[in-house]
Protein chains: 2
Amino acid sequence: MSLDHILLGYLQTPATGYDLGREFEEGARHFWFAERSQIYPTLRRMEKRGWLESHQAPSERGPQRKVYTRTQEGLAELRTWLTEEPRIGHERLAYIAQAAFLGSVPDLEDAIQVVRRMRAVWEQKLAYLEYAESEVLAQAGDWLDQPREAFHMYSALRLGLAQYRAKLAWCEETIHRLERRRAAAGNDATEEVP
Amino acid sequence: MSLDHILLGYLQTPATGYDLGREFEEGARHFWFAERSQIYPTLRRMEKRGWLESHQAPSERGPQRKVYTRTQEGLAELRTWLTEEPRIGHERLAYIAQAAFLGSVPDLEDAIQVVRRMRAVWEQKLAYLEYAESEVLAQAGDWLDQPREAFHMYSALRLGLAQYRAKLAWCEETIHRLERRRAAAGNDATEEVP
DNA sequence: GGACACATGTAACAAGTTACATGATTGG
DNA sequence: CCAATCATGTAACTTGTTACATGTGTCC
């Protein structure tokens with residue numbers, strides 16, 4: 001039940017389901033995503049469990065907002081989740097499967113194209129995080145002095161950056177090796193050597 | 001529907017649900033996981049769609065095996081899935097959320113301990129992949145000459161290695177910075193500076 | 001005889017996705 | 001008036017998890 005705990009994390013300051021949905025559309029989408037149609041019932045369930053409380057509040061523009069506040073039980077639950085164990089489980093990285101089975105694509109050029117398109121996607125995502133980092137660094141001079149909350153948020157951002165950079169380095173290496181393979185195959189005049 | 005396509009990828013050679021389950025317990029668990037209770041009905045569904053065919057075969061040791069074979073339609077479906085688009089979507093990386101919200105853990109030492117435990121888990125996973133790599137390299141001298149299938153499998157393995165190494169580098173950096181923070185806080189005699 | 005690996009499944013439940021319904025307010 | 005943004009939700013469906021049921025053959 002990670003979504004519950006991610007919502008608890010963001011509810012350090014009170015927010016509505018709509019606000020939380022925006023987090024997943026922006027920064028949070030780099031590690032998690034949830035539709036609002038999942039967020040709204042989840043918040044209700046969490047309130048029933050006593051992790052949250054809610055009250056109505058007027059909106060600047062639009063209908064009434066249902067603002068959720070984290071309770072002491074909610075904070076305790078979050079702390080348990082955070083410290084109990086590393087939340088490393090069964091990740092679902094379909095792109096690794098795609099890379100692994102690219103041998104089933106007969107034309108080598110098509111396979112290279114797949115990796116090039118992966119690179120394009122990750123370059124965009126990296127650019128987003130790099131922009132986010134530049135904003136953080138502009139606001140906070142020496143981030144070692146920042147409050148704990150900001151420190152760990154930035155730390156997580158750096159984890160994201162490191163991972164996208166590792167992916168991009170792999171893309172460059174892989175495209176290069178595939179192109180060398182293509183050149184070798186081209187010299188033989190045949191597409192594949194059995 | 002990634003599970004379907006991962007199964008199609010592994011069914012380059014015929015296999016049973018039990019065999020495929022073992023893949024997820026071993027190498028495949030680094031990018032995907034599925035229980036056999038999910039695999040068996042999925043294979044049935046895929047057979048109904050015409051992506052697979054099955055036949056009974058005796059087991060060396062145990063009851064009859066239901067061996068699935070990939071059809072031409074199955075292979076075509078896999079090729080479409082592989083080349084259509086990069087399978088980069090909404091990854092669910094709960095450990096990044098954990099890193100991001102560590103500011104909600106009041107004792108800095110507990111937060112450091114979380115990162116140390118992440119490091120321990122990823123070190124184990126990296127060791128597994130490094131062993132797998134050593135086996136691959138022992139069998140195949142220059143892997144550039146390997147058949148396409150083996151080439152891409154090894155390439156995916158390198159992607160996994162690169163990512164665990166990036167995670168571990170982040171752990172080292174983060175633990176180091178948190179320890180410096182702790183030292184600074186210790187000099188003040190107070191736990192947290194507001 | 002008992003533990004273990006092999007082998008296939010079902011049922012109930014939880015989590016996540018897709019499509020849709022409803023309605024307020026603002027800006028062009 | 002229309003489109004966009006704000007705002008909350010429901011229903012049907014797919015995907016994934018947990019717990020259990022059943023039975024074979026091998027090794028100690």
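Model, not experiment: these values are computed from the prediction. All values below were derived from every heavy atom in this structure, side-chain atoms included, with hydrogens, water molecules and symmetry-related copies excluded.
Salt-bridge check for A/Arg182 with A/Glu109: passed, with a basic side-chain N closer than 4.0 Å to an acidic carboxylate O. A/Glu123 and A/Arg165 are not joined by a salt bridge, as no carboxylate oxygen comes within less than 4.0 angstrom of a charged side-chain nitrogen. The pair B/Glu172-B/Arg177 does not count as a salt bridge, with every side-chain nitrogen at least 4.0 angstrom from each carboxylate oxygen. Comment: B/Arg29 does not engage B/Glu23 in a salt bridge, judged by the lack of any side-chain N to carboxylate O separation of less than 4.0 angstrom. Taking a cutoff of 4.0 Å between a charged side-chain nitrogen and a carboxylate oxygen, B/Glu73 and B/Arg70 do not qualify as a salt bridge.
Atom-to-atom, CD1 of B/Ile39 to P of C/dC6 comes out at 14 Å; the value is rounded to the nearest Å. B/His55 places its NE2 atom 13 Å from the P atom of C/dA7, with the value rounded to the nearest Å. The CZ-P distance, from A/Arg92 to C/dA15, rounds to 14 Å in whole Å. Rounded to whole Å, the distance from CG on B/Leu43 to P on C/dA7 is 14 Å.
A search for salt bridge (charged side-chain N to carboxylate O under 4.0 Å, His left out) contacts involving A/Glu25 returns A/Arg36, not counting sequence neighbours. Listed by chain and residue number, nothing satisfies the salt bridge (charged side-chain N to carboxylate O under 4.0 Å, His left out) test with B/Glu35 (two or more places apart in sequence, or in another chain). Residues passing the side chain to side chain contact (heavy atoms under 4.5 Å, CB included) test with B/Arg79 are A/Pro106, B/Leu75, sequence neighbours excluded.
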How far apart are the C-alpha atoms of B/Phe31 and A/Tyr95, what are their side-chain angles, what is the distance that settles it, and do they pass the ring-ring contact (aromatic ring centres under 6.0 Å, His included) test? CA-CA 8 Å; B/Phe31 59 88; A/Tyr95 58 85; 9.2 Å; no
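The residue among B/Met1 and A/Tyr68 whose nearest nucleotide of DNA chain D is located toward the 5' end is A/Tyr68.
Residues A/His5 and A/Trp32 keep their aromatic ring centres 6.0 Å or farther apart.
Residues from residues 19-38 of chain B with heavy atoms under 4.0 angstrom of DNA chain D, sorted by number: B/Trp32, B/Glu35, B/Ser37, B/Gln38.
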Encode nucleotides 22-28 of chain C as B, S and - characters from 5' to 3', where the letter depends on protein heavy atoms closer than 4.0 Å: B to the base, S only to sugar-phosphate, - to neither. -B-SS--
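The phosphate of C/dA7 (OP1 or OP2) has a side-chain N or O of B/Ser59 nearer than 4.0 angstrom.
Scanning DNA chain D 5' to 3' for nucleotides with an atom closer than 4.0 angstrom to a non-hydrogen atom of chain A gives a first and last hit of D/dT5 to D/dT17.
Remark: B/Arg181 qualifies as a cation-pi partner of A/Phe151 under the 6.0 Å distance and 45° angle criteria applied to the six-membered ring.
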